[in-house]
Each structure stands twice: as structure tokens, then as C-alpha cells.
Amino acid sequence: GFNTKRDAIIFNGKYTVEEFRPAWDWEPLHGLDWGFSTDPTAAVRCYIHDDTLYVYKECGRVGLELDETSETVKNAIKGVERYVIRADSARPESVSYCKRDGLPLIESVEKWPGSVEDGISVMRSFKRIVIHPECKETAQEFRLYSYKVHKQTGEVLPQIVDKNNHYIDAIRYALAPIIKGYGQGYGDLL
């Protein structure tokens with residue numbers, strides 16, 4: 001039957017939470033979404049292998065001070081400072097600070113009209129998404145991230161509810177180069 005609550009969940013049926021260990025030749029992708037007072041600063045390490053998106057590490061918390069961010073992320077995601085970390089471009093001063101404070105390859109990700117929707121399309125286009133059980137916050141967001149539901153009719157609307165999306169946004173930033181190609185009509189290359 002038609003279950004609007006379930007149909008409104010953006011990643012319903014697309015992800016599982018299960019143990020995995022990345023192989024030596026998998027190449028990590030890193031993303032970071034800034035938060036502070038009510039939203040967490042959220043960072044992730046993920047991989048793409050065999051048309052599957054694997055979310056392996058997460059790190060974040062509400063009220064994380066900027067001058068503690070680099071150290072906190074490096075402690076949680078080993079070796080992260082040797083990789084590009086793609087971060088939300090809304091906070092260029094935070095990117096600049098972390099670049100000098102132990103995350104030398106951090107960079108801003110540009111946004112464009114529809115970049116959230118494009119990101120969701122790319123994430124949904126994987127055969128599956130596997131979230132490591134230690135990534136509890138990420139798994140929670142995948143359970144809750146949803147489309148708006150029309151109050152009177154119960155229909156699922158094409159607008160996305162702007163919450164339960166901090167680790168998801170970090171994953172979107174990690175995947176930005178792939179998403180950008182998709183958004184420009186190269187979807188058939190994926």
C-alpha cells in the first residue's frame with residue numbers, strides 16, 4: 001500500500017548498516033559540514049567501490065570550537081590531514097583557519113542551484129549505500145532525512161525538509177566532483 005511516511009524518507013530502501021573493512025586499494029573521500037550552536041560540525045570518510053557508497057568514519061558534535069576542529073577530526077579519522085577534505089563553502093573563514101591549523105588540503109565546495117537535489121540523485125544512483133555501524137549519527141540521519149509531506153493531503157512534496165542532514169551534507173561535499181558532473185548533464189557517465 002501507499003505509505004506516505006515511508007515514501008517521504010529520501011533514502012528508504014537504499015542503505016544498510018553493516019560491518020565492512022575497506023580494502024587497501026579503496027580511495028577515501030572526505031567531507032565536512034560546519035555547525036555550531038544547534039547543528040553539529042560533521043565530518044565523514046567514505047569510499048566508492050563496485051557501485052556502492054561506503055560510509056566508514058564519522059566525527060562531529062554540537063558546539064565544537066573552530067580551534068578544536070582540526071584536532072578532533074584528525075583524532076577520529078586517522079590520516080585525514082593527508083587528503084583533500086571538501087567543506088561547505090558557506091564558511092570560507094573556517095576553511096582558511098583549518099587549512100593553517102592542521103588540515104592543509106581542506107577546500108570549499110561550491111554550491112549551485114539544485115546542488116542538494118543533484119547530490120541526492122547521485123547518492124540514490126549507487127547500487128547501494130552501506131553505513132558502518134560505528135557511524136551512528138549518519139545512520140540516524142539516513143533513517144530520518146525526508147521530503148515534506150502536504151499537511152492536508154498527506155502527499156509527498158518535492159521539497160526537502162532541512163534537518164537530519166549534517167552528515168549527509170558532509171557526504172555530499174565529499175562527492176562534490178562526481179555530483180558536479182552529474183548536474184551538468186553527464187549523468188550517463190556514472
Validation row: [X], [Y] side chains within 4.5 angstrom (heavy atoms):
X: P177; Y: R86; result: yes
X: H132; Y: V55; result: no
X: I120; Y: Y147; result: yes

Could you measure the distance from the [atom1] atom of [X] to the [atom2] atom of [Y]? Nearest 0.5 Å is fine.
X: H30; Y: R82; atom1: NE2; atom2: CZ; value: 9.0 Å
X: K136; Y: I131; atom1: NZ; atom2: CD1; value: 12.0 Å
X: I106; Y: S94; atom1: CD1; atom2: OG; value: 8.5 Å
X: C46; Y: L29; atom1: SG; atom2: CG; value: 5.0 Å
X: T72; Y: E65; atom1: OG1; atom2: CD; value: 10.5 Å

Considering all heavy atoms of both residues, which atom of [X] and which atom of [Y] are nearest to each other, and what is their separation?
X: R124; Y: K14; value: O-NZ, 2.8 Å
X: E58; Y: A76; value: O-CB, 4.5 Å
X: P133; Y: V17; value: CA-CG1, 3.7 Å
X: C59; Y: Y167; value: O-CE2, 3.8 Å
X: V130; Y: E18; value: CG1-CG, 3.3 Å
X: M123; Y: I129; value: O-CD1, 3.5 Å

[X] side chain to [Y] main-chain N or O, any donor-acceptor pair under 3.5 Å?
X: T153; Y: E155; result: yes
X: D101; Y: Y97; result: no
X: S96; Y: P92; result: no
X: W34; Y: D88; result: yes

* **side chain to side chain donor-acceptor pair (under 3.5 Å) partners of residues 46-57, not counting sequence neighbours, each pair once** => W26-H49

Please check if the number of heavy atoms outside [X] that lie under 6.0 Å from its [atom1] is greater than 12.
X: E117; atom1: CD; answer: yes
X: K127; atom1: NZ; answer: yes
X: E27; atom1: CD; answer: no

* Using distance alone, with no hydrogens and no angle criterion, decide if W112 and D118 have a side-chain donor and acceptor under 3.5 Å apart. => yes

* Asked: Taking atom types as modelled and ignoring hydrogens, do the side chains of E110 and S89 form a donor-acceptor contact shorter than 3.5 angstrom?
  -> no

